[in-house]
Amino acid sequence: MAQADIALIGLAVMGQNLILNMNDHGFVVCAYNRTVAKVERFLANEAKGTKVIGGTSLEDMVSKLKKPRRVMMLVKAGKAVDDFIDLLVPLLEAGDIIIDGGNSEYTDSNRRCESLRAKGLLFVGSGVSGGEDGARYGPSLMPGGAPEAWPAIKPIFQGIAAKIGKEPCCDWVGENGAGHYVKMVHNGIEYGDMQLICEAYDLMKNALGMNHDEMASVFTEWNKGELDSFLIEITKDILAFKDTDGSPLVEKIRDAAGQKGTGKWTAISALDKGMPVTLIGESVFARCLSSLKDERVEASKQLPGPKVTRWEGNRAELVEHIRKALYASKIISYAQGFMLLKQAAKDYGWNLNYGGIALMWRGGCIIRSRFLGNIKEAFDKNPKLTNLLMDDFFKKAILDCQESWRKVVAAAVTLGVPTPCFSTALAFFDGYRSERVPANLIQAQRDYFGAHTYELLTEPGKFIHTNWTGHGGNVSSSSYNA
Ligand code: NBP
């Protein structure tokens, strides 16, 4: 009998918790998993006493669904998603909906959306963020794909999503792979936020010689102000956490960061689109450098840094400068992330609601923060805002931090503490606010060695070539940007 509102395939951590969340909100869910034995186990344990039902096969699962059928997958991204789609297609009928909630590449979602549309089925690729706890009690959900699917899934998605006041951290993002694109950029920003926090920790630990309890109390204080966020909060807990021998556990962890690809995908997309998303790029490279642990150990014995490595000024003052440098750099990172979203929207014809995206990230997800509320306000005030840095609130915020930010980057350089993200953020700020950058010389060099042509300031759009040496010819290369 058709009784379930939605089917959920994939009974690992995300799937199980989302099912229980949906159940709490009054939806009847039919659970299914490739290894079918896990369905019975789930019903007998975690889902015991709930209204959750199970499918003994995909056919059985589909037969238990109300129409239009809604089938959501939370399985490993990649081939597993395509395999399940292939198995589901013959069992579904026109107007039914397949949702992929995994961390899929947006290009895969573009492809799946189009190929399923050709078969009369509606595909939704949804970013899901917030990890285990988010899935259970309120994730951030970023659905995109076939817009006709949205009314049918909206009550479930907005019902289970995290809320800010009464507003759900979930709204329709856009067509095809837009949901997964926004989730990808979210993850890229998460890489940047984490690296910025690490740089602040490195400065406090190595330039200031602070102990872990001192650092934990700094992060506790920071979490009460404009930096208030989930990542600052967990950093405070991590720094305060002691191993069984009473020493900070964090110092026993091998300093080689892992990554599962979404930060890298964001950086690759930024390069493809010609958007200077430098902070996320640096945060990915910082992880790459960290994982060269053995080489670094060897280099540390052979490549000495500056003689003075400790800050000799006022400690409290530098801590406050670091807070401001972190805040300013974070503003740059989000400004860059939204620049990338804007360019993607232009390239793919998505009508992205930037304030809505900020709200989706405001709660439930890993980058949730008070600051995203300010971003939402900026885009609500002016949905056509060219850049976050041009909003009055952020303009003032970054100018207030500027002096401290410069002091921190200068101190880090002098003392030999690597701060790739603080530094690249400041370099971006200085570049972005410059009417003139030295690219005129690049154009001259390109024209000198390769006859690539250049434009004059007075005649943009007209490409000319100069015979710089007197012995080159007058033939020029064609001018295009790749
Ligand atoms: P996993 O990413 O560990 O995936 C486990 C599920 O995938 C199981 O149901 C497993 O079935 C199924 N599966 C695998 Br593995 N290979 C398969 C294949 N070839 N064909 C069919 N099914 C296959 O689970 P998760 O951590 O819950 O994550 C689910 C999705 O959500 C992933 O895309 C993940 O990237 C994304 N995500 C995870 C988090 C998080 O915090 N964990 C957060 C946000 C998004 P089996 O039981 O038969 O092996």
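Counting starts at 1 for both ligands and their atoms, following the listed order.
Counting heavy atoms from C-beta outward, R287 and M194 have side chains that approach closer than 4.5 Å.
Salt bridge annotation for K76-D83: absent, with no cationic side-chain nitrogen under 4.0 angstrom from a carboxylate oxygen. Salt-bridge annotation for D213 and K242: present, with a side-chain N of the basic residue lying under 4.0 Å from a carboxylate O of the acidic one. Looking at R323 and E320, a side-chain N of the basic residue comes within less than 4.0 Å of a carboxylate O on the acidic one, giving a salt bridge. With respect to the salt-bridge test (charged N to carboxylate O, under 4.0 angstrom), the residues E148 and R117 qualify.
Sorted by chain and number, the residues within 4.0 Å of ligand 1 by heavy atom are G10, L11, A12, V13, M14, N33, R34, T35, K38, L74, V75, K76, A77, A80, F84, G102, N103, V128, G131.
Below 30°, between 30° and 60°, or above 60°: for W361 and F338 the angle between ring planes is between 30° and 60°, a tilted geometry.
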